[in-house]
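Below is one structure, written out as structure tokens; the observations come after it.
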Amino acid sequence: MNADDETPDVYEEVIELAKRRGYLYPSFEIYGGVSGFWDYGPLGKELKKNIVDLWRDRYVVEEGFREIETTTVGAEQVYEASGHAEGFADYLTKCGGCGGYFRADHLVEDHSDVENADGLPREELAKLLADAEAPCPACGETITGEVTDFNLMFETNIGPGDSRKGYLRPETAQGIFVDFHRLKRFYREKLPFGVTQVGTAYRNEINPRSGVVRLREFNQAELEYFKLPDDELDLEEYRDVDVRLYPVGEQEKEDGEVLETTVGEAVDDGVIASESIAYFVAVSQEWYTEIGVDPSRLRFRQHLPDERAHYASDCWDGETLTSHGWIEVNGVADRGTYDLERHMEHSGEELRVFQEYPEPRVTEETLVDPDMSELGPRFGGDANKVADALEDLAENDPGAFEGDSVEVQVAGETHEIDVETTGFERREVKESGENVLPQVIEPSYGLDRIVYSVIEHSLDHDRPEDSEDERRVLRMSPSVAPYDAAVFPLVSKDGLEPIAEDVESRLRDAGLMVDYDASGAIGRRYRRHDEIGTPFTVTVDYDTKEDDTVTVRDRDSTEQQRVAVDELVEHLEERT
RNA sequence: GCGCCGGUGGUGUAGUGGUAUCACAUGGCCUUGCCAAGGCCAUAACCCGGGUUCGAAUCCCGGCCGGCGCACCA
């Protein structure tokens, strides 16, 4: 399968529909718009909300990974610690000839012996670039430009003037790591536990091109799962989940293929190295299916070693096939202990979690508490050295303290000291556990791309019987479709409207998301809601007046069924 | 960011120095008995800014947005 299966026209069709019907709007459109920013219209917001709700059902409700909400503006220190302030920046250079911008580190790597120029400081990179005399990839002229840094984070000031720098968060994850010292107490210091967050993140992309697929402000749903390095999630429940995997080995082959397997087998065969990562691949697979991503246009691709982020040791991306080709919709990454370690270093806060040993470990320890009021007067300036020598001796040769006196050598001289003066004590020490830095497994979802994939995968055309024209229909899963149902009077006369309005309000009272539509002929209204993706339409007709039944029409089959008004709510709830 | 191409009602379009065509959609009224029926009426557009010109949607320049190619995507 490849991207040619979808023509670029599909993207245009989806976007045209999405704009016209109220799914997606270009942001600031009346001022010309800014690329990389899109708004959700009424239907898009509802669709996204439903998708997020199902995500919460999986992760927060079922798995018990509590959700928090942290600020979108981050203090500078956060991103210094996370490595984003440095590592998230690209060093660019400008060609004097054509004016194009290029990655300075790439040019250096390509045109000199330097192999890994990525992490180099700017000055050094500038020097290397000058020496490399690299030709411009676009026009061929030798690059002599300065090296400037372009940070993908939006910068802002906190407080007046430039008193304090802040960044709009480039991922929601850091908020969780930064609150970890509180969260570990919330979970009463017991690993493993997980913390989720859903929210916006920002990346100042140089030139986002692919419409809604690359945004400068986007929505993430992330889980940080904290566990002991040797613990793995129990895969049992998900062993049989079918997945399509695209591991590194296959990607490196010319004609590499997607493996159709189960997560259980993938782990047994060593395709997915860790059960914990396999677990979240399986959860993802089930969730995608539930929200209406087409399983045949979904795969999980293992990151090639060189595309892993600075923190990740292994990573599998969920990808959907769209008119933009395969696009990344989520990643399941092993972030190791990187983030907590960095924040612990930078903040000085204890972020390790105390782990009790199954059995307390008992060790013998030798305590030396030299009596400085004796040693001081006797040795003067050498007193501290004598004390140190005693401590060394206690550690290396506790037996030396068994007599009345010990001998230590300081500055070439041997001193004899009363054991009583040294405060020597041999004792047992019980260690009941140790502080451990948790390992982090992170499933992270790009909600906007997922919403887009759901819309595009839903789009279909068919020709119902008794119809002249082709019908455009969004076959969206009822679990996520913006409207649960629409209510129509068959015609707008003979008192059908008040009855239809009554039916509408009964459905609303039951908590269903309902649209009422009396405009135009009935067929037109069916088509309108087909294109919106409303799974069921309820029509009030003349029989309703007689026997209190309505027609429920199924969006996908266009089949109709008589249902008693009193049973309508139950009927619809069963099917949505 | 660079190069090429483009931007006309909500959507799709016609037109190309003298303010704009048509269809669909939308709203109202009439009509309507289950898959985009019909009639009448109405609403509604030249991406933004500057220049040239008596006059610019049209020509020129810049910007913004979009498409393609290059570059970028931690």
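All figures in this text were calculated on a predicted structure; none of them were measured in a lab. Below, read A as the first sequence line, B as the second, and so on, with proteins coming before strands; counting in each chain starts at 1.
The aromatic rings of A:His324 and A:Tyr452 lie perpendicular to each other, with more than 60° between the two planes, well past the 30° mark.
Side-chain atoms of A:Arg525 come within 3.5 Å of backbone atoms of A:Asp517 as a donor-acceptor pair (strictly under, hydrogens ignored). In this structure, A:Asp484 contributes its side chain and A:Met513 its backbone to a donor-acceptor pair below 3.5 Å.
Taking atom P on both B:G50 and B:G12, the two are 28 Å apart, rounded to the nearest angstrom. Nucleotides B:U13 and B:C70 have their C1' atoms positioned 33 Å apart, rounded to a whole Å. Nucleotides B:G55 and B:G66, compared at atom P, are 34 Å apart to the nearest Å. The P atoms of B:A25 and B:A57 are separated by 31 Å, rounded to the nearest whole Å. With C1' as the reference atom, B:U16 and B:C46 are 11 Å apart, rounded to whole Å. For B:G62 and B:C5, the P atoms lie 13 Å apart once the distance is rounded to whole Å. Of the C1' atoms belonging to B:U11 and B:A44, the separation is 12 Å, rounded to the nearest Å. Between B:C29 and B:U43, the distance separating the two C1' atoms is 15 Å to the nearest Å.
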Subject >> Summary of protein contacts for nucleotides 29-34 of chain B, nucleotide by nucleotide, where a base hit scores B, a sugar-phosphate-only hit scores S (4.0 Å, heavy atoms) >> reply: ---BBB
Subject >> Contact pattern, 5' to 3', of nucleotides 9-14 of chain B - B, S or - by protein heavy atom under 4.0 Å >> reply: -SS---
Original post:
When you check every protein heavy atom under 4.0 Å of nucleotides 39-51 of chain B, what one-letter string (B, S, -) results, 5' to 3'?
Top reply: -------------
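Here A:Arg214 lies in heavy-atom contact (under 4.0 Å) with a base. Using a 4.0 Å heavy-atom cutoff across all strands shown, A:Ser35 reaches sugar-phosphate atoms only and no base atom.
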Side-chain donor-acceptor pairs under 3.5 Å in residues 35-47 of chain A, sequence neighbours left out?
| residue | atom | partner | partner atom | Å |
| --- | --- | --- | --- | --- |
| A:Asp39 | OD1 | A:Ser27 | OG | 2.8 |
| A:Tyr40 | OH | A:Asp448 | OD1 | 2.6 |

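Using the Watson-Crick or G-U wobble rule with both distances under 3.5 Å, B:G69 pairs with B:C2. Pair assignment for B:A45 gives none, since no Watson-Crick or G-U wobble pairing has each distance under 3.5 Å. With a cut-off of 3.5 Å on both pairing distances, B:A37 has no Watson-Crick or G-U wobble partner at all. In this structure, B:C54 forms a base pair with B:G18, meeting either the Watson-Crick or the G-U wobble geometry with both donor-acceptor distances under 3.5 Å. Using the Watson-Crick or G-U wobble rule with both distances under 3.5 Å, B:G10 pairs with B:C24.
Residues A:Arg299 and A:Glu319 are paired through a salt bridge, judged by an N-O separation under 4.0 Å between the basic side chain and the carboxylate. Salt bridge A:Arg471/A:Asp530: present, at least one basic N to carboxylate O contact under 4.0 Å. The pair A:Asp515-A:Arg528 does not meet the salt-bridge criterion, since no charged nitrogen lies less than 4.0 angstrom from a carboxylate oxygen. Between A:Glu531 and A:Arg20 there is a salt bridge, since at least one side-chain N of the basic residue sits less than 4.0 Å from a carboxylate O of the acidic one. Under a 4.0 Å N-O distance rule, the pair A:Glu250/A:Lys253 qualifies as a salt bridge.
One can place CZ of A:Phe488 at 13 Å from P of B:A36, the figure rounded to the nearest angstrom. Summarising the geometry, the separation between CZ on A:Phe37 and C1' on B:C64 is reported as 14 Å, rounded to the nearest angstrom. For the pair A:Ile532 CD1 and B:A36 P, the computed distance is 17 Å after rounding to whole Å. Going from atom CZ of A:Arg463 over to atom P of B:C35 covers 16 Å, rounded to whole Å. The distance from atom CG of A:Asp530 to atom P of B:A25 is 15 Å, rounded to the nearest whole Å. Regarding A:Asp517, its CG atom lies at a distance of 17 Å from the P atom of B:C35, rounded to whole Å. A:Arg528 places its CZ atom 15 Å from the P atom of B:C24, with the value rounded to the nearest Å. Distance CZ (A:Arg216) to C1' (B:C64): 12 Å, rounded to an integer number of Å.
Nearest-nucleotide mapping onto RNA chain B: of A:Arg524 and A:Pro208, the residue sitting toward the 5' end is A:Arg524.
Listed by chain and residue number, A:Trp55, A:Tyr59, A:Val60, A:Phe65, A:Glu67, A:Leu223 satisfy the side chain to side chain contact (heavy atoms under 4.5 Å, CB included) test with A:Thr196 (two or more places apart in sequence, or in another chain).
B:U19: glycosidic angle within 90° of 0, hence syn.
No cation-pi contact links A:Arg555 to A:Phe536, judged by a cut-off of 6.0 Å to the six-membered ring centre and 45° from its axis.
A:Tyr202 has its ring centre no less than 6.0 Å from the ring centre of A:Phe218.
Looking at heavy atoms from C-beta onward, A:Thr172 lies out of side-chain contact with A:Thr70 at the 4.5 angstrom threshold.
Each of A:Val569, A:Val552, A:Leu572, A:Thr549 was scored for a side chain to side chain contact (heavy atoms under 4.5 Å, CB included) with A:Val563, with one residue passing: A:Val552.
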I'd like a table of atom pairs between the protein and nucleotides 60-62 of chain B - only N or O on both sides, under 3.5 Å - with the distance next to each one.
none

**OP:** Under the side chain to side chain contact (heavy atoms under 4.5 Å, CB included) rule, what do A:Phe177 and A:Arg335 come out as? Steps first, then yes or no, please.
**Re:** CA-CA 12 Å; A:Phe177 300 134; A:Arg335 292 180 78 131; 3.9 Å; yes
**OP:** Please lay out, stage by stage, how A:Trp326 and A:Tyr246 fare under the test side chain to side chain contact (heavy atoms under 4.5 Å, CB included).
**Re:** CA-CA 12 Å; A:Trp326 286 100; A:Tyr246 194 33; over 6 Å; no
